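Keep in mind the model is a prediction, meaning the values are calculated, not measured. Naming: A, B, ... by sequence-line order, numbering from 1 per chain.
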4 protein chains.
Amino acid sequence: MSKKLWGGRFAKKTDPLVEKFTKSIHYDYKLAEYDVIGSITHVQILKNAGYLTYTEAFSIIKELILILQSIRKGLFKLDSKSEDIHSQIQNMLEKKLGDLVLKLHTARSRNDQVIFATKIYCKWAVLSLINKDMKHLINSITKLADENKNIIIPGFTHLQHAQPVYLKDYFGAYESMLRRDVRRLLNISQNIEIFMGAGALAGTPIVSKEYNQKIEKYIREIGIDKSFNIKPTINSLDAVSDRDFVIEIISALSIIAMHLSRLAEDLIIWSTKEFDFIEIDEAFCTGSSLMPQKKNPDVLELVRGYASRLYGNLVSVLTMMKGLPLTYNRDMQLDKEPLFNSFEIVSSELKVLSGLIKTLKFNKNKIKEHLKDESLYATDLVYYLVKKGESFKKAHDIVGKLVKDSLEREGGIQGMSDKDLKRYCAKFVKSEILKLFDPLESVRSKKSIKR
Amino acid sequence: MSKKLWGGRFAKKTDPLVEKFTKSIHYDYKLAEYDVIGSITHVQILKNAGYLTYTEAFSIIKELILILQSIRKGLFKLDSKSEDIHSQIQNMLEKKLGDLVLKLHTARSRNDQVIFATKIYCKWAVLSLINKDMKHLINSITKLADENKNIIIPGFTHLQHAQPVYLKDYFGAYESMLRRDVRRLLNISQNIEIFMGAGALAGTPIVSKEYNQKIEKYIREIGIDKSFNIKPTINSLDAVSDRDFVIEIISALSIIAMHLSRLAEDLIIWSTKEFDFIEIDEAFCTGSSLMPQKKNPDVLELVRGYASRLYGNLVSVLTMMKGLPLTYNRDMQLDKEPLFNSFEIVSSELKVLSGLIKTLKFNKNKIKEHLKDESLYATDLVYYLVKKGESFKKAHDIVGKLVKDSLEREGGIQGMSDKDLKRYCAKFVKSEILKLFDPLESVRSKKSIKR
Amino acid sequence: MSKKLWGGRFAKKTDPLVEKFTKSIHYDYKLAEYDVIGSITHVQILKNAGYLTYTEAFSIIKELILILQSIRKGLFKLDSKSEDIHSQIQNMLEKKLGDLVLKLHTARSRNDQVIFATKIYCKWAVLSLINKDMKHLINSITKLADENKNIIIPGFTHLQHAQPVYLKDYFGAYESMLRRDVRRLLNISQNIEIFMGAGALAGTPIVSKEYNQKIEKYIREIGIDKSFNIKPTINSLDAVSDRDFVIEIISALSIIAMHLSRLAEDLIIWSTKEFDFIEIDEAFCTGSSLMPQKKNPDVLELVRGYASRLYGNLVSVLTMMKGLPLTYNRDMQLDKEPLFNSFEIVSSELKVLSGLIKTLKFNKNKIKEHLKDESLYATDLVYYLVKKGESFKKAHDIVGKLVKDSLEREGGIQGMSDKDLKRYCAKFVKSEILKLFDPLESVRSKKSIKR
Amino acid sequence: MSKKLWGGRFAKKTDPLVEKFTKSIHYDYKLAEYDVIGSITHVQILKNAGYLTYTEAFSIIKELILILQSIRKGLFKLDSKSEDIHSQIQNMLEKKLGDLVLKLHTARSRNDQVIFATKIYCKWAVLSLINKDMKHLINSITKLADENKNIIIPGFTHLQHAQPVYLKDYFGAYESMLRRDVRRLLNISQNIEIFMGAGALAGTPIVSKEYNQKIEKYIREIGIDKSFNIKPTINSLDAVSDRDFVIEIISALSIIAMHLSRLAEDLIIWSTKEFDFIEIDEAFCTGSSLMPQKKNPDVLELVRGYASRLYGNLVSVLTMMKGLPLTYNRDMQLDKEPLFNSFEIVSSELKVLSGLIKTLKFNKNKIKEHLKDESLYATDLVYYLVKKGESFKKAHDIVGKLVKDSLEREGGIQGMSDKDLKRYCAKFVKSEILKLFDPLESVRSKKSIKR
């Protein structure tokens, strides 16, 4: 049985089943760094409040920094026998510092410690996701769009041919989504307030102003230029039982995963034999053990599928919080696996998509073939008639009938004579409308989008 | 069969099953006002762009304003045969204005119209929820807290006695949550960008600058001092297929519902015979058809239960969007019922809770009885020893044992002699510690919370 | 304020907000018929137990049957002022029978009444869904499969060409799913046990054997040949607080909706210009207000989307039940809207799909074109080599290389000379393998499926 | 890069990001045993169909049995470089048997292999859960109920005092739920049909009757007396793309977790200082690092919370399957983590609850104190008046008023004089009604429950 942060009141040992069932170190080890940062701050507060002498504080901080460095260097060893990461770190300190460490728990509860570490983790994970993975995917997309800026493709609504659009605008839609995702995550992250001094739920004997702290320097050491303000708790009961930020983040990550699932779906459809718009690089496909010809877009299918995992995580945390009485309840420990897992999935999706997008090739000839579909220009025919004075709705009806009939005629609309066309509307002039069946003409005529 | 906004291309009538299956007017009538506002703006744009003469624009706007007024006066009659509210309004205009209205659809698609109206609806519904229902509940809570500002109650973690806390701090926790909810909703609402000019997906022939609009005046007419900027669409493919804002709002409403479910749970537990902390007014309780003594907290149970409905709505919209190819797909129509329903539930919960909270009575004597539980002051005993030089962890162990033993002793800790106490720790002085078993002393000693 | 089934203990009137918030008649009116059936049975039990005379019982049952008939004839008028349907029916009886009806509540609670009616509703709704809507769709599918039994299509895995399959087998897959759905629903329905005698939670003074009842005759009257056994409650606390059957049914309906969403997705993809496998009848499509050429598969998109609504309903009921203390809590009232809504959605999906499927046309020429893709026969080439003694994995490698190279050669594999082919494997004989590129040959060679 | 089951067609290496992203061996190793069982069966089929000689088949099966034994002995070593468990086993065989193993993939696809193994896993996991963990908890509950069979407790509806009930009936409710859970799981498990011969989607060249197999003997070796029939695939497209059984099982496990969350909630409430019905053994509680008196029901809180994890898993798999085109898509790989995780959580919950229940102690004195609440007997007073000829509803009103007034009187109902009582109803006889305020009398008078 592992050494615990509690126990004086207990005569019996914890049942081994309970040890196993309540343990969290196999996932909360991710909080190690943030727990140490919290402890360093807490030691300074204890010193200022007179609970620790300068020398005592110095000794503890020295050890904490050693642990911090070992974590950052990847040398930290998990003690899987510990109940959680907070206990392990406490036990490590005790081995080095002996009884001095017993003072560390003054005016501090694990509830408070856990939420502190989780909040710092979230702020950090958001910054890292945005500045690395999301940036990379956005870059890959904009680069791809730029390299293929002259390609025009059939635009779709209802997966049916709608109007020609620039390929760069198609990818620009995903760029828009991702940039909105970045703003949303940043917003959420900035609104996470980091409190200290809640104790277990009722506050601590240390005066509130001591809890005005910054945790800048420890982070600056690893070359990231960011500091977080720590504030005295405003409402201590809320402080220890709030998990809103976890829900908000998983919700925002779910939206990202949803956006990526849409991109994946589009590329899966475009890579079918029938569409044949794109060629996905072999390095990003897999084959079949039975059918030798297969080159499957498995990566994209998994991206599409993983959105459902994020949704499950969101449901899990929301449902866990429903109807919980104030203040802290152990159920809340179950927020961490879904949180960590959500970051991991989205991060890996962004990484692998970024690679896949970079190597995407477009089958220009095939796309051009698809652009010959006359129905793509039907709306342009309507605008043509409107410019000639027809009301939009009537022009819409005229062109609707024209398209319908043309489907059963060889040669289509372009094959009709001027006389044929005039039977639909006297305003049609064959030589003029022939120019409309041109993708470039079509996209250029849409002035509502600033280029 | 109803008159549709489309149809020229169709030789056959729509199957009646399809009419029924695709119809949305029974719920999207809620968008009536915002659809008209959109149309008024659109007419101005068409006029500026030369598609309508001044006189034509004036005639249409005049009719639109009449419809707007009838909606605002509650006189608007739903035509349940229409496909959707947008079609009904178009048909109403056509009856009045004849062929002139056929020009109204120039450079406009329903996809675009729907998202415009939904966005305005959201901004409006958020403002209304915040300024009415949420404000009322926050006021009820702060008033209740203020009226009972001297009451101290046992604070709970794990639903077990933890430390004494002020009742006002307990309710302050919910106030904190609700204020965070207000900020979150406002934030989301402000970040909703309202675009025009996306067309169906590819933009329109009208130059982008014409889409710089404000929709202030129509709203000012009904006495609300707010204007919304309309911008030319940045990416038209994204504009018509974006439902992020719907998800964000339902997610934020889910968090509110979760907060309310926690408040409900607390009050349900507090109103049990065993806790007996509170008395819920009869006007907010219901009885039983079998058991005549029953006075049940049904309102609170429904509030607790409704959180699950919000979660279901969130899952529904998130799942609906997963893996949809660009751009608009009809699945997206299914965003509206969950959206409207979520606002309705949360609004009704806030209203009924506001009333219930106002009439809440506290059983001070019963609460005082519960405050006699010595274990509530165990942490204060620890701080007492820490102040006398004991390390926190050791003091924790000492008090843990003391509490344990006291459970089997009549008279408890306070009944022990000074000698008895010193057997646990020589630093104990009976006359000093007796003062610690006082709720007021206990809450006052927590300096970390600014008062 | 409406007349309630409870109230003696209450001095104050219910707050109007509470009336509105707790009311359920706007949806539980669907239980009217089953509530009456329950009351008829209950009256008989009261008579047998001596709580009602024969004459009293007869009078009440007579009135109940009148109400039942009015419900079945669609003549029943909802009193929207009533709290719920059970109260309305009680009030209706009271108007007719006066004080006699006050005996009806003997040994009966609303909790018990509600679950009784809900269980009968479920059994009935399942039977109706299976025997009407599901049967119709299965029939439409098998008829379509039969009418097109000779068509062979490219089979897909990962949305990539895999191997040729019979169209009838493709639709047979959906038939398999739907038949599994029927079995699942029937199974769940048959396992719903209908109890009486639980009272509010603690049982009633009537001896258990009186609760052995059948409710056959009332149902036979409307021409359905089915009876349900009613049993004395086994555990009365479980009886009133069990909602497992609601969850099971919504879960099974969710699986149906998922199956239909897959069928919809396939048909949406097949109806793209690029695939062009099928033609959806105009009566089952809709158009666009902007783009006149559009014929969109909106029905299928809504079917795809509605699955998400079912999932939301499932989450809602599961979450509502989580962590509820025994026995009945008012939260449980929130099971009915998701339950009713789930049946309605699935029923309407089945109906509209049945119509759509009936009118589906296949573009045989286009499909034949797609079947020319040589890669569809790659697996047959492997089996060819295996039959000639090559190990499967080696044959797989050989054909993999052959396919890869052929992609960059005009004429493909069939255009290679015997010598060319032998360079990949000496066992290839050109004249033999040419026969393999035949869809009929390919599907016939799969002996593992019984025909 | 690991050796794959596919690849001939690929010139490029898989990108390392893709390797990592698509890999599943870190979770699908759980299928090892079932994959080997599948391979043994497949070898026999290949032999019977003439694709392997007797000697070849014998050699392969010999190696497979060695692997099977190493798995069952816990000696199997995971090769984390493999793509999945199926590849690892294939590679292990190849090392031993060389080229012979290359024949193993004849007429077999991974899609088919995976679903086979997953189905056997499910059948096995269900049997194991039922026969071990569920049985143990049911036994613990019935034993506890039996040991305390004379204890009567206040029964609750709406968490308010309702009527007295036997403690054994309270636990009997959970026994009822768990027995229903067992039946549901068994039912689902028995309905899982295990097919072979689907190939990738289109069947195989081996005649269907060869796929009639049993897999009894390999399982009998480990002492479990159960055999599973294997059938030739009925519809091969459905066979490889069906995940209904995964959803059904997670749904059933979710219901179990929901039941356990309710039990946990009840026990959490009962263990509060205010209720004080029960004493949870120290070995099943945890403490606080700050508050020394704490003995928290963390185990129960985690049980309550874990239900949300199950719901998340259910949402995840349902959503993953929505709108997937036929047949197999890689998204489906994401079914396994939620499936395995759901079994693990429920299994660990059942185990730890079984231990906790065994050690539960009841505070009989406190419970007796709570039973003095007169309102618990109000319904018995009603029945008393009904027996004397009052109609139920009137009696209900009378007692309602009596209860209401008694709340403000010292001495309660029992303290009223016969004259006082008669003012409410002339039928009251004080000496008679005094006998009604007896818990044993109350529970015994409920004849509707068979004892």
Given heavy-atom pairs under 4.5 angstrom as the criterion, report whether the side chain, backbone, both or neither of [X] touches chain B.
X	answer
C:Lys294	backbone
C:Thr286	both
C:Met291	side chain
C:Glu349	both
C:Leu310	neither
C:Ala11	both

Anything in residues 296-304 of chain C with a heavy-atom distance to chain B below 4.5 Å? Please list those residues in order. C:Asp298, C:Val299, C:Glu301, C:Leu302, C:Val303, C:Arg304
What distance do [X] atom [atom1] and [Y] atom [atom2] have between them, rounded to the nearest 0.5 Å?
X	Y	atom1	atom2	result
C:Leu17	B:Phe284	CG	CZ	6.0 Å
C:Ser308	B:Leu318	OG	CG	9.5 Å
B:Phe21	C:Leu356	CZ	CG	10.0 Å
C:Ser289	B:Arg110	OG	CZ	5.5 Å
C:Ser288	B:Asn111	OG	CG	7.0 Å

Relative to chain B, which of [options] shows the most heavy atom pairs under 4.5 Å?
options	answer
C:Lys322, C:Met332, C:Gln293, C:Lys351	C:Gln293
C:Cys285, C:Ala307, C:Ala264	C:Cys285
C:Gly305, C:Pro16, C:Pro325, C:Ala107	C:Gly305
C:Val315, C:Val317, C:Leu324	C:Val315

Would you say the side chain of C:Arg108 lies within less than 4.5 Å of the side chain of B:Leu290, judging by non-hydrogen atoms? no
Just so I know, are the side chains of C:Phe10 and B:Lys295 near enough to count as touching, which here means a heavy-atom distance under 4.5 Å? yes
Which atoms of B:Asp112 are under 4.5 Å from chain C, going by heavy atoms: the side chain, the backbone, both sets, or neither? neither
Does the pair C:Glu337/B:Arg309 count as a salt bridge with the N-to-O cut at 4.0 Å? yes
Please identify, among B:Ser261, B:Pro338, B:Gly312, the residue contributing the most non-hydrogen atom pairs under 4.5 Å to chain C. B:Gly312
